[in-house]
Visitor: 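A single structure is presented below for examination.
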Amino acid sequence: NAGVTQTPKFRVLKTGQSMTLLCAQDMNHEYMYWYRQDPGMGLRLIHYSVGEGTTAKGEVPDGYNVSRLKKQNFLLGLESAAPSQTSVYFCASSYGRTSHFGNGTRLTVT
Amino acid sequence: LAKTTQPISMDSYEGQEVNITCSHNNIATNDYITWYQQFPSQGPRFIIQGYKTKVTNEVASLFIPADRKSSTLSLPRVSLSDTAVYYCLVGDVRDDKIIFGKGTRLHILP
């Protein structure tokens, strides 16, 4: 049972490049979330989804897009990466306010 | 979503009991209290959840007074491996969003 799997684990982008982060969960959870965490800071919610085909904005959605075409997958896209998006990105799925997190994707934008 | 306040950081020694208190004065009737633990370079991990009085599991205890305006996470006989950031979250199980604060950085000393 893998839980929540994030790919890739590391990525370096140049300013202006695009990329997609993939989150996959095998717990049949309806709710999924994308967070970013900057050094010494707590997690900030980027976007979330309450079910297949639905997405909603979190605390810091600007510069990101998401899609939830399948229940088990939640994709986070950066259309034009900026240095301010250098961060660690965590995906989570949840049931009843109990969230399960992936191990993160460390993204550096130069 | 109820606002939470917890200490920014705490130090303790191996073998001690550690208590981390979280204030949530505007907690609503349907809100639950959930604590997460985050080790460096990992995603947060669910520790414990409660509604009132006391909850205990193999990792920690959660004490909630009758007015529910605060809660205390108790870690018995800590070890160096308990050094982590601990987050207190308050919200309804029906809430769409799960918002994290800055957490409490616990440092266990030998």
Side-chain angles (χ1 to χ4, degrees), chain A residues 2-7 9-10 21 23-25 27 29-51 54-61 66 68 74 76 87-108, chain B residues 1-9 20 22 24 27-51 55 57 59-60 62 64 68 71 83-107:
Chain A
V4 177
T5 304
Q6 292 183 233
T7 51
K9 290 183 171 52
F10 302 93
L21 307 184
C23 177
Q25 55 102 356
M27 295 169 284
H29 288 163
E30 292 289 343
Y31 290 17
M32 296 187 74
Y33 306 84
W34 276 106
Y35 295 88
R36 62 175 287 174
Q37 186 171 39
D38 299 310
M41 303 288 287
L43 289 90
R44 291 185 292 171
L45 181 63
I46 305 172
H47 285 282
Y48 64 99
S49 168
V50 301
T54 73
T55 62
K57 294 180 180 180
E59 302 172 279
V60 289
V66 288
R68 183 100 180 267
F74 195 29
L76 178 71
S87 190
V88 180
Y89 292 84
F90 289 102
C91 174
S93 69
S94 77
Y95 176 78
R97 291 194 66 81
T98 303
S99 293
H100 301 260
F101 282 81
N103 283 328
T105 295
R106 187 173 296 275
L107 174 66
T108 302
Chain B
L1 297 171
K3 179 177 165 58
T4 60
T5 302
Q6 51 183 124
I8 294 173
S9 65
I20 306 174
C22 179
H24 29 80
I27 189 169
T29 303
N30 293 327
D31 286 347
Y32 280 73
I33 300 153
T34 310
W35 285 81
Y36 289 83
Q37 173 190 57
Q38 185 180 25
F39 297 117
S41 301
Q42 293 185 26
R45 181 177 74 109
F46 170 87
I47 301 178
I48 197 164
Q49 184 179 81
Y51 183 80
V55 180
N57 62 23
V59 176
L62 178 60
I64 305 167
R68 302 201 327 122
S71 58
T83 293
V85 179
Y86 292 82
Y87 297 95
C88 166
L89 283 74
V90 173
D92 192 321
V93 292
R94 297 167 296 182
D95 286 342
D96 293 346
K97 297 181 182 180
I98 298 181
I99 303 293
F100 283 72
K102 292 186 172 57
T104 296
R105 193 169 297 273
L106 176 65
H107 188 205

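Owing to the predicted nature of the structure, the values given are computational and were not obtained by experimental measurement. By convention in this document, chain letters (A, B, ...) are assigned in the order of the sequence lines, proteins followed by strands, and residues within each chain are numbered from 1.
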Visitor: Any idea which of A:Gln37, A:Met41, A:Glu30 has the most non-hydrogen atom pairs under 4.5 angstrom with chain B?
Guide: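 Sorted descending by pairs with chain B, the first entry is A:Gln37.
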Visitor: Counting only heavy atoms not in A:Tyr95, do more than 12 sit closer than 6.0 Å to its OH atom?
Guide: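 At most 12 heavy atoms, drawn from other residues, nucleotides or ligands, come within 6.0 Å of this atom.
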Visitor: Under a 4.5 Å heavy-atom cut-off, does chain B meet the side chain of A:Ser49, its backbone, both or neither?
Guide: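 Contact with chain B is absent: no heavy atom of A:Ser49 under 4.5 Å.
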Visitor: Does A:Tyr35 use its side chain to pair, donor to acceptor, with the backbone of B:Phe100 at less than 3.5 Å?
Guide: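 No.
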Visitor: Considering residues, nucleotides and ligands other than A:Tyr31, do more than 12 of their heavy atoms fall under 6.0 Å from its OH?
Guide: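 Check passes, neighbour count above 12.
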Visitor: Heavy-atom distance under 4.5 Å to chain B: side chain of A:Arg44, backbone, both or neither?
Guide: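 Interface part for A:Arg44: neither.
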Visitor: Under a 4.5 Å heavy-atom cut-off, does chain B meet the side chain of A:Lys57, its backbone, both or neither?
Guide: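 The backbone, not the side chain.
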Visitor: Just how far is it from atom CD of B:Gln49 to atom OG1 of A:Thr98, taken to the nearest 0.5 Å?
Guide: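 Rounded to the nearest 0.5 Å, the CD-OG1 separation comes to 4.5 Å.
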Visitor: Non-hydrogen atoms of chain A under 4.5 Å away: do they reach the side chain of B:Arg45, the backbone, both or neither?
Guide: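 B:Arg45 has no heavy atom closer than 4.5 Å to chain A.
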Visitor: So which part of A:Leu43 gets closer than 4.5 Å to some heavy atom of chain B, the side chain, the backbone, both or neither?
Guide: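 For A:Leu43, the contact with chain B is made by backbone and side chain together.
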Visitor: State, to 0.1 Å, how close B:Arg105 and A:Gly40 come at their nearest heavy-atom pair, and which atoms those are.
Guide: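 In terms of heavy atoms, the two residues are closest at NH2-CA, 3.7 Å.
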Visitor: From B:Lys97 NZ over to A:Tyr33 OH, what is the distance, rounded to the nearest 0.5 angstrom?
Guide: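 These two atoms lie 11.0 Å from each other.
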Visitor: Looking at every non-hydrogen atom in both residues, tell me the closest pair between A:Ser99 and B:Ile98 and how far apart they are.
Guide: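 Taking every non-hydrogen atom into account, OG-CD1, 3.3 Å.
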Visitor: Check whether A:Val88 gets within reach of chain B through its side chain, its backbone, both or neither, counting any heavy atom under 4.5 Å.
Guide: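 No part of A:Val88 comes within 4.5 Å of chain B.
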